[in-house]
Amino acid sequence: MLKDVPVLLLLSIALGSGQATKGPPLTKAIKTISPAIVQIAYKMDHFPPETQLALGATHLVGAAGTGFVVNEDGYIVTALHVLNVLEPYQNGFHGRDGKVYPPGRHRLLAGLQLPNTDSGAQIRGSFSDAPFTVVDRDEIHDLALLKLDHPFSPQVPQSVVKLSIARPEEGSWVAVSGYPLGEDVLVTTSGAVASSWGSKMVQELGPGGPLHRIEDLYLLDIHLNHGNSGGPVYSPDSAAVIGVADAYEMDDVMVEGGLPGAQPEQALDKDTGRALKANAGLGVVVPTRYVLDLLKKNNVKWH
């Protein structure tokens with residue numbers, strides 16, 4: 001991290017005039033945009049017998065993050081760090097006994113959710129999955145451009161998002177839809193634009209070096225969580241996307257001093273001694289203008 005910059009934890013619009021509302025416009029916007037939102041999921045299987053025994057499982061699946069379709073040809077945008085979720089397991093799994101167990105097959109897939117229903121046979125949290133190819137990476141702004149290797153099932157409603165590079169007004173109401181906390185159903189949260197002039201330079205180190213160095217961002221008064229990364233941030237009035245959910249601000253966890261009148265103290269992890277931090281409630285968003293730069297670079301059309 002750069003000096004004096006608060007920690008950020010990585011996750012996973014042309015705004016209407018006047019005061020935005022939380023009511024029916026958001027309901028309509030979710031219905032409009034949800035057929036363009038995908039879950040970026042990981043699947044690990046084909047484990048050797050000793051790995052299956054150590055893990056107590058024959059396969060592992062889960063949500064790595066979120067993305068959204070920007071083009072009818074199957075182009076998808078997500079946060080670049082979402083694609084790194086499997087890196088710690090490429091060379092095997094560390095068991096509680098200290099041994100390293102060999103890996104099996106590791107895959108990332110894009111999943112488009114089937115409509116949930118409780119009429120007749122109940123359907124909930126079901127997806128049409130498709131593999132994808134990584135077309136391009138923008139490490140400066142933590143963005144990735146993907147292309148589906150084959151289309152989703154025609155049985156699933158599908159659409160593409162509308163993009164806008166208009167800088168949102170501070171206080172304008174926005175929403176974020178995605179797959180946080182491992183949820184297998186689309187989750188939407190909403191809140192206000194806290195600042196449309198964020199300028200912190202952030203440098204997160206990963207196995208291959210710096211992951212992103214964002215110099216221009218928006219801050220939201222929305223409690224984002226891991227899994228929201230790569231999801232669309234959009235206007236409830238128009239369903240137009242203003243940015244990509246990327247991270248959330250972290251703050252120190254403080255505990256009361258042991259003596260009466262003592263100042264609060266920094267809480268520490270009892271095992272590592274490191275300072276404990278928690279989600280501070282400010283969401284970090286990469287502006288759509290950088291998505292457009294990535295699409296232009298690769299001659300991808302957009303709405």
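Along the sequence shown, residues are numbered consecutively beginning with 1.
- Contact of the I37 side chain with the P232 side chain is registered, since non-hydrogen atoms from C-beta on lie closer than 4.5 Å.
- Separating the NZ atom in K43 from the CG atom in L60 is a distance of 12.5 Å, to the nearest 0.5 Å.
- Of the N and O atoms on the side chains of E72 and H303, at least one donor lies less than 3.5 Å from an acceptor on the other residue.
- Side chain of T32 to backbone of K28: a donor-acceptor contact under 3.5 angstrom is found.
- By the 6.0 Å contact criterion, OH on Y89 is open, its count of non-hydrogen atoms from other residues, nucleotides or ligands being 12 or less.
- Using modelled atom types, no side-chain atom of T66 and backbone atom of G231 make a donor-acceptor pair closer than 3.5 Å.
- The CZ atom of R167 sits 5.5 Å away from atom OG of S196, with the distance rounded to the nearest 0.5 Å.
- The shortest side-chain heavy-atom distance between V156 and Q113 does not fall under the 4.5 Å cut-off.
- Atom OG of residue S172 and atom OH of residue Y218 lie 11.0 Å apart, to the nearest 0.5 angstrom.
- Distance alone, capped at 3.5 Å, places no donor-acceptor pair between the Q39 side chain and the A63 backbone.
- Side chain of D138 to main chain of H141: a donor-acceptor pair is present (N/O by atom type, distance under 3.5 Å, no hydrogens or angles).
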Run the side chain to side chain contact (heavy atoms under 4.5 Å, CB included) check on W173 and S190 step by step: do they pass? CA-CA 7 Å; W173 206 258; S190 62; 3.3 Å; yes
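- One finds the CD1 atom of I76 at 5.5 Å from the CD1 atom of I40 (value rounded to the nearest 0.5 Å).
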Give the intermediate values and the outcome of side chain to side chain contact (heavy atoms under 4.5 Å, CB included) for residues V244 and T288. CA-CA 7 Å; V244 182; T288 303; 5.9 Å; no
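- Although no hydrogens or angles enter the test, the distance criterion places no donor-acceptor pair under 3.5 Å between the side chain of H59 and the main chain of A57.
- Residues L86 and M44 have side chains in contact (heavy-atom distance under 4.5 Å, counting atoms from C-beta outward).
- When atom types are taken as modelled, the side chain of D221 and the backbone of L282 share no donor-acceptor pair closer than 3.5 angstrom.
- Y234 and S177 share a side-chain donor-acceptor pair at under 3.5 Å.
- Looking only at side-chain heavy atoms (C-beta outward), I165 and P287 stay at 4.5 Å or farther from each other.
- Annotation for A29 and S235: closest pair CB-O, 4.2 Å, computed over non-hydrogen atoms.
- Expressed to the nearest 0.5 Å, how far CG of L143 lies from CG of L295 amounts to 9.5 Å.
- Note that the OG atom of S238 and the NZ atom of K162 stand 5.0 Å from one another [nearest 0.5 Å].
- Using modelled atom types, one finds no donor on one side chain facing an acceptor on the other under 3.5 Å when comparing Y75 with N298.
- Between D45 and R107 there is a salt bridge, since a side-chain N of the basic residue sits under 4.0 Å from a carboxylate O of the acidic one.
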Using the rule given for ring-ring contact (aromatic ring centres under 6.0 Å, His included), can you reason through Y101 versus F47, listing the C-alpha separation, both sets of side-chain angles and the distance that settles it, and then say yes or no? CA-CA 9 Å; Y101 293 88; F47 297 134; over 10 Å; no
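- Residues V286 and L217 have side chains not in contact (no heavy-atom distance under 4.5 Å, counting atoms from C-beta outward).
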Which atom pairs, donor and acceptor, lie under 3.5 Å between side-chain atoms of residues 146-155 and protein residues at least two apart or in another chain?
from : atom 1 : to   : atom 2 : distance (Å)
K147 : NZ     : D73  : O      : 3.3
D149 : OD1    : T133 : N      : 3.4
D149 : OD1    : T133 : OG1    : 2.7
S153 : OG     : Q155 : N      : 3.1

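- Neither L109 nor V77 shares a network with the other; the hydrophobic side chains, linked directly or stepwise wherever heavy atoms of I, L, V, M, F, W or Y lie under 4.5 Å apart, form separate groups for each.
- Using a distance-only test at 3.5 Å, with no hydrogens or angles considered, a donor-acceptor pair links the side chain of T51 to the main chain of P102.
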Going through the checks in order, is the ring-ring contact (aromatic ring centres under 6.0 Å, His included) test met by F127 and Y179? CA-CA 12 Å; F127 294 83; Y179 295 93; 5.6 Å; yes
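- Residue D97 qualifies as enclosed at atom CG: its count of foreign heavy atoms under 6.0 Å is above 12.
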